[in-house]
Number of protein chains: 2
Amino acid sequence: MNTVLLVEDEKEIRRFVRLALQGEGCQVSEAETMTQGLQEAANLKPQLIILDLGLPDGNGVDFVQRLRSWSQVPVLVVSARSTEYDKILVLDAGADDYLTKPFSVGELLARVRALLRRSRADNELNTPVVKFGTIEVDLARRLVSKAQQSVHLTAMEFKLLSVLLTNAGRVLTHRHLLREVWGGAHSEHNHYLRIYVAHLRQKLEDDPTQPVYFQTEIGVGYRFQPQMGQVGFSQDMSA
Amino acid sequence: MNTVLLVEDEKEIRRFVRLALQGEGCQVSEAETMTQGLQEAANLKPQLIILDLGLPDGNGVDFVQRLRSWSQVPVLVVSARSTEYDKILVLDAGADDYLTKPFSVGELLARVRALLRRSRADNELNTPVVKFGTIEVDLARRLVSKAQQSVHLTAMEFKLLSVLLTNAGRVLTHRHLLREVWGGAHSEHNHYLRIYVAHLRQKLEDDPTQPVYFQTEIGVGYRFQPQMGQVGFSQDMSA
DNA sequence: ACAGTATTTACACCATTTTTACATTCCACC
DNA sequence: GGTGGAATGTAAAAATGGTGTAAATACTGT
């Protein structure tokens, strides 16, 4: 069964939309604020998020950007604001569809079905728990453990790990990594990468002097290599 | 570069949309009828299809259903008809988005970007792999293996291999190879080529003294000869 | 002020690239 | 069919620059 997270502050609309979605056979969870919405997204791992832009705390663009740093779950934005600028901004931030209030139930459900249909194809990607060797990483909850022992990563370390993991198997150039983790301004400081990759190796590799997961491509960049094809983006939804 | 197929009968609108898409860096192909559109979709394998519902021959629902029988390419429907029923029908048939005319260019492009972004994520998983003999080369991931054993190539070695492979069967002059790999400044140092071709042979040929794949054209240059016609650019057909 | 973190600095080390030297093959010409 | 010179192949050194490690310093929020 599909789980849909509804981030919406108006009680009436929540009820209205929830009933419609339940009629589709979806399980519906609700959040009233964006911060709460992000938490729920991490906990529930829904197959779809419906987001109202008109929430009191924070804007939708920010919500989508932060969500996208660890999840590819489809986002359908619903808003009373219908200016072109609003739409473009949030779509480019990573949202998948935009529906202007007032909307018809039928169209909402059709768009929900379209998004769910497509996300089913690649939903192995969406699940944010990555396992390799004895290590488990929950990108959504920012939790890392090695051999059942929880491992503490700093903010930068985690961000770097997250970028490497979401591009598993591919070489990421120094430039690209620096832009993603530190921001465009520091795209020349290759030193940072050596230090933080060293940290990750120290904390996660079985033998930090013989790295297996975090490989160096000299003169190019670094790659995360899921060993033995054992990257299981496994997830149990306990229905 | 992304290819977009535009199925639309009105010349004005075609021109209008084509210019906008080209501004995004897309390559645009056009079809005036649905039957023509299906043919083009099969031939070009575009990354996105924009479909006008108001075409003279046949309806859009039919178009999408037939397309979906063999392709998962995203479809953005554009239509003057805006009844809820129209939208639901074509979305449920397999379309991914629905935009009502008249629409703003900005919103159209934002929705196009959203669809392309998601379809790219799907395709990134299976990158083209070149196979010859017991060797496999994944150019996108910079991975090379021989008989299931991963082979390490240096930056220059890989660059050279990449140029040779993408021109399989063709003779590449010393000059050309040097310009591609080392840059224009070193186009006279033929020694480099001998050394690095030797490296590739050492690492990839079954018998480096009797090269089969990396052949010398004396006085001219080198060629990569995919033996047994077995160059398989295996690639996903989702487009 | 303190602890945790990010950034800077310093240095030893190693892989790759480039240089250098010499053996081998090819091919035209005798 | 040899022979010599040019082109090519091999094998090592030398030079370059990237990389890993450790530690000191600056920063940040509490």
Side-chain angles (χ1 to χ4, degrees), chain A residues 142 144 150-164 171-223, chain B residues 142 144 150-164 171-205 207-224:
Chain A
R142 308 179 65 89
V144 182
S150 106
V151 174
H152 174 73
L153 295 189
T154 72
M156 297 274 112
E157 288 166 2
F158 189 86
K159 213 164 176 180
L160 175 60
L161 176 68
S162 146
V163 174
L164 286 168
V171 181
L172 301 175
T173 64
H174 299 131
R175 194 180 200 77
H176 182 261
L177 284 169
L178 286 162
R179 293 180 101 82
E180 288 283 326
V181 180
W182 276 268
H186 302 77
S187 61
E188 307 305 322
H189 299 174
N190 288 10
H191 328 291
Y192 292 6
L193 280 177
R194 292 189 206 109
I195 293 164
Y196 278 85
V197 168
H199 287 172
L200 290 181
R201 285 174 177 156
Q202 201 62 45
K203 293 182 177 179
L204 297 178
E205 291 276 2
D206 291 322
D207 179 359
T209 64
Q210 300 285 323
V212 172
Y213 304 118
F214 303 99
Q215 300 180 349
T216 302
E217 290 285 331
I218 294 184
V220 184
Y222 293 88
R223 78 146 45 96
Chain B
R142 301 182 68 94
V144 183
S150 101
V151 174
H152 174 73
L153 296 189
T154 71
M156 297 272 110
E157 288 166 1
F158 189 86
K159 214 165 175 180
L160 176 60
L161 176 68
S162 149
V163 175
L164 286 169
V171 183
L172 301 175
T173 65
H174 298 133
R175 193 179 200 77
H176 182 259
L177 283 169
L178 286 162
R179 292 180 102 83
E180 288 282 328
V181 179
W182 275 267
H186 303 77
S187 61
E188 307 305 322
H189 299 172
N190 288 10
H191 327 291
Y192 293 4
L193 279 178
R194 292 187 205 110
I195 293 165
Y196 278 85
V197 169
H199 286 173
L200 289 182
R201 286 173 176 157
Q202 200 63 44
K203 292 181 177 179
L204 297 179
E205 291 277 1
D207 179 0
T209 64
Q210 300 285 323
V212 172
Y213 304 119
F214 303 99
Q215 300 179 349
T216 302
E217 292 286 331
I218 292 185
V220 184
Y222 295 89
R223 82 148 43 102
F224 167 71

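Below, chains carry the letters A, B, ... as their sequence lines are ordered, and counting in each starts from 1. All of these numbers come straight from a predicted model, not from anything done at the bench.
The stretch residues 193-203 of chain A touches DNA chain D through A/Arg194, A/Arg201, each having a heavy atom within less than 4.0 Å of the strand.
A donor-acceptor contact shorter than 3.5 Å is absent between the side chain of B/Arg223 and the backbone of B/Glu217. B/Gln202 places no side-chain N or O within donor-acceptor distance of the main-chain N or O of B/Pro208, the cut-off being under 3.5 Å. Panel note: side chain B/Glu157, backbone B/Leu200; no donor-acceptor pair is recorded below 3.5 Å.
We find the NE2-CZ distance between A/His189 and A/Arg194 to be 12.0 Å, quoted to the nearest 0.5 Å. Note that CD of B/Glu180 and NZ of B/Lys159 are 9.0 Å apart. Values are rounded to the nearest 0.5 Å. Atom CG of B/Leu153 is separated from atom CG of B/Leu204 by 6.0 Å, given to the nearest 0.5 angstrom. Rounding to the nearest 0.5 angstrom, the gap separating the CZ atom in B/Phe224 from the CD atom in B/Gln215 is 9.5 Å. Here the straight-line distance linking atom CG of B/Leu178 with atom CG of B/Leu172 works out to 11.0 Å at 0.5 Å rounding.
For the helix from C/dA1-D/dT30 to C/dT16-D/dA15, the rotation axes defined at the first and last 5 base pairs enclose an angle of 30°, given to the nearest 10°. Across the helix from C/dT18-D/dA13 to C/dC30-D/dG1, the helix axis at one end is tilted relative to the axis at the other end by 20° (nearest 10 degrees, each axis from five pairs).
If you walk DNA chain D from 5' to 3' and mark each nucleotide with an atom closer than 4.0 Å to a heavy atom of chain A, the marks span D/dG18 to D/dG20. Along DNA chain C, the stretch of nucleotides lying under 4.0 Å from any heavy atom of chain B spans, 5' to 3', C/dT16 to C/dC26.
Counting any heavy atom pair closer than 4.0 Å across all strands shown, A/His186 reaches no nucleic acid atom.
Pairing each heavy atom of A/Pro211 with each of A/Arg201, the nearest pair is CB-NE, 3.4 Å.
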Step by step, work out the side chain to side chain contact (heavy atoms under 4.5 Å, CB included) result for B/Trp182 and B/Leu193.
CA-CA 10 Å; B/Trp182 275 267; B/Leu193 279 178; 4.1 Å; yes
Under the criterion side chain to side chain contact (heavy atoms under 4.5 Å, CB included), I'd like the reasoning laid out for B/Phe214 against B/Leu161: C-alpha separation, chi angles, the key distance, then a yes or no.
CA-CA 10 Å; B/Phe214 303 99; B/Leu161 176 68; 3.7 Å; yes
Would you please test B/Leu177 and B/Leu164 for side chain to side chain contact (heavy atoms under 4.5 Å, CB included) and show each step?
CA-CA 8 Å; B/Leu177 283 169; B/Leu164 286 169; 4.1 Å; yes
Evaluation steps, side chain to side chain contact (heavy atoms under 4.5 Å, CB included), between B/Tyr196 and B/Val181:
CA-CA 11 Å; B/Tyr196 278 85; B/Val181 179; over 6 Å; no
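Residues meeting the ring pair (Phe, Tyr, Trp, His ring centres under 6.0 Å) test with B/His191, sequence neighbours left out: none.
Aromatic ring orientation, A/His186 versus A/Tyr192: tilted (interplanar angle from 30° to 60°).
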